[in-house]
Student: 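My structure is below; once you've seen it, I'll send some questions.
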2 protein chains.
Amino acid sequence: MAKAKRARIQDVAEKAGVSTMTVSRVMSKDTKVSAAKTALVMEAVKALNYRPNVAARRLAGSQSFLIGLLYFDLDTSYVSKFLLRGLKSCRATGHHLVADEVDDDIEKSIVAVKDLIEVTQVDGIILLPPVCDIPEVLTALKEANIPFVRIAPDSQLNLSPYICMDDYQAGFDITELLIKQGHSKIGHIIGNPNQGASRLRYQGYLDALRSNQINVPPAYIEQGMFTYNSGLDAAKKMLALKDKPTAIFAANDEMAAAVISAAHMNQLMVPEQLSVAGFDDGHLATTVTPHLTTIRQPIQEMAALAIELLASKKFADASKVNSREFRHVLDFEIVERDSSQVI
Amino acid sequence: MAKAKRARIQDVAEKAGVSTMTVSRVMSKDTKVSAAKTALVMEAVKALNYRPNVAARRLAGSQSFLIGLLYFDLDTSYVSKFLLRGLKSCRATGHHLVADEVDDDIEKSIVAVKDLIEVTQVDGIILLPPVCDIPEVLTALKEANIPFVRIAPDSQLNLSPYICMDDYQAGFDITELLIKQGHSKIGHIIGNPNQGASRLRYQGYLDALRSNQINVPPAYIEQGMFTYNSGLDAAKKMLALKDKPTAIFAANDEMAAAVISAAHMNQLMVPEQLSVAGFDDGHLATTVTPHLTTIRQPIQEMAALAIELLASKKFADASKVNSREFRHVLDFEIVERDSSQVI
DNA sequence: AAATAAAATGATATCGCTAACAATCCTTGT
DNA sequence: ACAAGGATTGTTAGCGATATCATTTTATTT
């Protein structure tokens with residue numbers, strides 16, 4: 001059988017009995033087209049399995065169908081998960097993802113941003129934490145007047161649309177889970193202060209304790225950096241206390257994994273002698289033994305939504321950006337596994 | 001200052017005093033252009049900071065500037081590392097990466113492949129292990145006559161260009177490192193048999209033992225699946241032996257991490273009582289305690305090279321594909337850290 | 001119902017590049 | 001030295017969509 005050539009906009013126009021412009025308008029959902037013609041066009045599109053040629057659209061139009069993604073630390077499952085899902089979503093809308101790493105050097109970061117905008121000519125940019133809170137980057141973005149979405153931002157919440165989850169509530173809930181399991185000596189390892197989520201999770205922890213009339217000594221609270229090693233140091237200190245906690249909530253899985261290691265080094269059984277809770281539910285959560293009780297972050301959903309927002313043309317008018325519509329708080333989920341238990 | 005518009009091919013042509021076609025030819029390194037004109041053009045390109053408009057190239061030409069990437073398991077640092085680096089390389093050549101997951105369902109995989117070729121119209125495809133050894137996928141690719149590069153393939157090595165490292169030698173070397181450290185009771189956890197690398201690493205291990213006149217009981221060799229849990233099971237069995245090994249070489253870091261956990265459960269100190277070696281040198285290698293002695297896989301280099309090969313037009317003629325030129329064995333590196341030591 | 005405004009639709013030029021072919025310019029062999 | 005033949009360079013015509021503006025249709029006002 002002869003391979004059917006891919007349908008062009010003209011084929012659709014002919015089949016539907018309208019002009020190519022009408023088809024174009026229907027495809028980009030932009031301008032108003034009468035319901036009747038829209039239906040005709042949609043029918044033809046379906047019949048011919050038409051999908052616009054992205055290259056042609058890019059050449060002719062003002063969109064580039066490119067979305068930039070700025071991340072900080074490559075080596076987190078957070079980034080790769082986001083990326084994979086983002087890539088998939090992009091495929092559906094005909095967009096492409098251009099990922100770029102930003103480092104500690106602010107100057108270079110600004111250059112990277114400008115390059116994305118001017119050379120690569122992206123239609124929009126996604127900022128992952130903690131990049132989403134670097135003031136200079138935000139300023140550059142604003143000046144360029146380019147649409148951008150931030151993921152879990154911590155500051156200047158009115159500056160742009162953003163997507164996040166309720167880190168405070170999650171911190172609260174998982175702490176309360178430990179309390180319900182009979183724990184009152186609950187320690188916490190705070191996440192990297194360069195991310196707002198750390199503060200929120202910590203606050204949730206504190207408030208859960210307070211609302212259950214539980215007091216803990218200051219030594220039950222340690223500062224971590226979201227890395228395994230920082231978690232290990234924190235856990236060692238905490239487990240060296242005469243009056244050890246019976247449960248530790250770490251602000252991410254990686255530090256929680258470190259807590260388990262530290263417990264083992266101290267001949268403590270998890271969860272029998274020490275309950276551990278993490279945060280993220282990444283690969284690591286089921287990689288360590290025992291599997292982690294943790295919070296599932298909706299990373300994939302965030303990625304999909306971010307692409308969707310940027311791909312929709314709602315952003316074209318940058319002034320609408322502050323509207324309620326552009327603040328998205330996605331649901332999280334408590335995942336109860338084997339690293340915590342009733343005492 | 002007024003922002004300079006991006007230079008077009010015509011601008012370059014005028015500046016260099018040649019026709020646009022000559023510029024086009026220089027840019028795509030395709031046909032022969034005299035050295036004199038090439039120099040002229042290059043000069044103009046540099047002066048104007050010209051970079052071809054990818055959308056226009058795609059529309060006019062026969063290339064799509066899209067490269068497909070087929071992977072199996074998302075959740076490995078292998079895939080995400082490859083992906084990130086691939087994305088970066090693509091940016092340099094103006095290509096884009098379209099990633100697609102393939103699962104156990106062969107039927108669906110074939111559809112995914114055909115879709116990549118026919119709908120997305122990629123110029124070439126990269127196959128990560130173990131996808132690179134699924135016969136049906138290979139057949140589909142061959143039939144479509146589309147260029148593809150395989151990473152660490154295990155079978156039909158003449159079928160396509162490929163990139164790999166010497167897994168056998170790496171297995172040999174790291175085993176010999178343990179031997180040099182005074183170990184003779186060395187266990188091995190074999191990797192997932194769906195990947196050829198597992199067999200090669202295993203064989204390297206065996207041959208290193210043999211060439212040092214070392215015999216080990218069969219119980220020192222366990223089958224793993226590259227997952228943490230499989231490694232844990234294997235390690236538990238091995239450490240339950242009356243005559244335990246003093247060193248274990250696991251075929252990847254994830255299983256090596258599991259070995260460390262198992263050791264801790266058995267109150268064994270690493271590396272004092274048990275040396276552990278892994279393979280990959282991913283994030284995990286420095287995430288566990290103690291840090292892993294392991295083999296650094298040149299994943300990033302593999303990604304860069306794969307993109308480079310596919311982006312070059314050398315593949316246009318699919319018949320040249322078998323030449324020596326298209327077999328690349330990259331260097332690995334032994335990384336000696338704290339999980340192994342002299343006894 | 002006529003005049004006017006507003007909305008929907010269509011015609012055409014063009015985006016920046018390369019394919020395909022035409023027109024040159026050198027080589028050579030004799 | 002001249003023609004044949006190969007290598008290099010140029011000309012022209014789209015690729016498939018959208019922007020822009022012109023035109024037609026429909027709604028609104030008086």
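All of these numbers come straight from a predicted model, not from anything done at the bench. Just so we're on the same page: letters track the sequence lines, and every chain starts at 1.
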Student: Run the ring-ring contact (aromatic ring centres under 6.0 Å, His included) test against B:Tyr78 and tell me which residues pass, sequence neighbours left out.
Tutor: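 Per chain and number, B:Tyr78 pairs via ring-ring contact (aromatic ring centres under 6.0 Å, His included) with no residue.
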Student: Sort me out a list of protein N/O and nucleotides 22-27 of chain C N/O pairs below 3.5 Å, or just none if empty.
Tutor:
none

Student: Apply salt bridge (charged side-chain N to carboxylate O under 4.0 Å, His left out) to B:Asp103 and list each qualifying residue two or more places apart in sequence or on a separate chain.
Tutor: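 Applying salt bridge (charged side-chain N to carboxylate O under 4.0 Å, His left out) to B:Asp103 gives B:Lys108.
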Student: Check each residue of residues 42-58 of chain A for a non-hydrogen atom within less than 4.0 Å of any atom in DNA chain C, then write out the ones that pass by number, or none.
Tutor: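 None - not one residue of the stretch has a heavy atom sitting under 4.0 Å from the strand.
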Student: Once you round it to whole Å, what is the distance between C1' of D:dA19 and CD1 of A:Ile9?
Tutor: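 Result: 13 Å.
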Student: Hey, does the side chain of A:Ser62 come within less than 4.0 Å of D:dT18's phosphate (OP1/OP2), counting only N and O?
Tutor: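 Checking A:Ser62 against D:dT18: no side-chain N or O falls below 4.0 Å of OP1 or OP2.
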Student: Evaluate the side-chain proximity of A:Glu301 to A:Asp331: yes if any heavy-atom separation is below 4.5 Å, no if none is.
Tutor: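 Side chain of A:Asp331 against side chain of A:Glu301, heavy atoms only: no contact under 4.5 Å found.
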Student: Would you be so kind as to tabulate the donor-acceptor pairs closer than 3.5 Å made by side chains of residues 43-55 of chain B, with sequence neighbours excluded?
Tutor:
| from | atom 1 | to | atom 2 | distance (Å) |
| --- | --- | --- | --- | --- |
| B:Asn53 | OD1 | B:Ala55 | N | 2.8 |
| B:Asn53 | OD1 | B:Ala56 | N | 2.9 |

Student: Is there any ring pair (Phe, Tyr, Trp, His ring centres under 6.0 Å) pair reaching into residues 101-131 of chain A, and which pairs are they, with sequence neighbours excluded?
Tutor: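 Residue pairs with at least one partner in residues 101-131 of chain A: there are none.
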Student: Calculate the interatomic distance between A:Lys37 atom NZ and C:dA8 atom P; express it in whole Å.
Tutor: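 For the pair A:Lys37 NZ and C:dA8 P, the rounded distance is 12 Å.
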Student: Report the nucleotide, chosen from D:dG10, C:dA8, D:dA17, that has the shortest atom-to-atom distance to any side-chain atom of B:Arg25.
Tutor: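 Looking only at heavy atoms from C-beta outward on B:Arg25, the closest nucleotide is D:dG10.
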Student: Pairs under 3.5 angstrom only: tabulate donor-acceptor contacts from the side chains of residues 131-141 of chain A to other protein residues two or more places apart or in another chain.
Tutor:
| from | atom 1 | to | atom 2 | distance (Å) |
| --- | --- | --- | --- | --- |
| A:Asp133 | OD1 | A:Asp154 | N | 2.9 |
| A:Asp133 | OD1 | A:Ser155 | N | 3.0 |
| A:Asp133 | OD1 | A:Ser155 | OG | 2.8 |
| A:Asp133 | OD2 | A:Asp154 | N | 3.0 |
| A:Thr139 | OG1 | A:Pro135 | O | 2.8 |

Student: Just to verify, what does B:Asp115 make a salt bridge (charged side-chain N to carboxylate O under 4.0 Å, His left out) with, not counting sequence neighbours?
Tutor: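 Partners of B:Asp115 by the salt bridge (charged side-chain N to carboxylate O under 4.0 Å, His left out) criterion, ordered by chain and then number, come out as A:Arg91.
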Student: Only pairs at least two apart or in different chains count here, so list each salt bridge (Lys or Arg N to Asp or Glu O under 4.0 Å) that has a residue in residues 59-72 of chain A.
Tutor: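 Of all non-adjacent pairs touching residues 59-72 of chain A, none passes salt bridge (Lys or Arg N to Asp or Glu O under 4.0 Å).
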Student: Expressed in angstrom and rounded to an integer, what is the separation of B:Leu59 atom CG from D:dA13 atom C1'?
Tutor: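 Taking atom C1' of D:dA13 as the reference, CG of B:Leu59 is at 13 Å.
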Student: Rounded off to whole Å, could you give me the CG-to-P distance for the A:Asp123 and D:dT18 pair?
Tutor: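 Between P of D:dT18 and CG of A:Asp123: 13 Å.
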Student: Could you list by number each residue of residues 10-24 of chain B showing a heavy-atom separation from DNA chain D of less than 4.0 Å, or answer none if no residue does?
Tutor: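 Per residue number, the list reads B:Val18, B:Ser19, B:Met21, B:Thr22.
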Student: Among pairs that include at least one residue of residues 87-142 of chain A, which meet ring pair (Phe, Tyr, Trp, His ring centres under 6.0 Å), considering only residues two or more places apart or in two chains?
Tutor: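 Every ring pair (Phe, Tyr, Trp, His ring centres under 6.0 Å) pair that includes a residue of residues 87-142 of chain A, provided the two are not neighbours, is A:Phe65-A:His95, A:His96-B:His96.
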Student: Taking atom P of D:dA19 as reference, at what distance in whole Å does atom CE of A:Met27 sit?
Tutor: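 Rounding to the nearest Å, CE of A:Met27 and P of D:dA19 are 14 Å apart.
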Student: A:Asp123: what forms a salt bridge (charged side-chain N to carboxylate O under 4.0 Å, His left out) with it, not counting sequence neighbours?
Tutor: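 Partners of A:Asp123 by the salt bridge (charged side-chain N to carboxylate O under 4.0 Å, His left out) criterion come out as none, since no residue qualifies.
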Student: Take atom CG of A:Leu40 and atom P of C:dG10, then tell me their distance rounded to the nearest Å.
Tutor: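 My rounded result for the distance is 11 Å.
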Student: Within a strict 4.5 Å, meaning less than it, do heavy atoms of the B:Leu87 and A:Leu97 side chains meet?
Tutor: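 No; the side chains remain at least 4.5 Å from each other.
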Student: How many whole angstroms separate atom CZ of B:Arg6 from atom C1' of C:dG16?
Tutor: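 To the nearest whole Å, that distance equals 10 Å.
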Student: Quick one: A:Gln63 CD to D:dA19 C1', roughly how many Å, whole number?
Tutor: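 Computing the A:Gln63:CD to D:dA19:C1' distance gives 13 Å.
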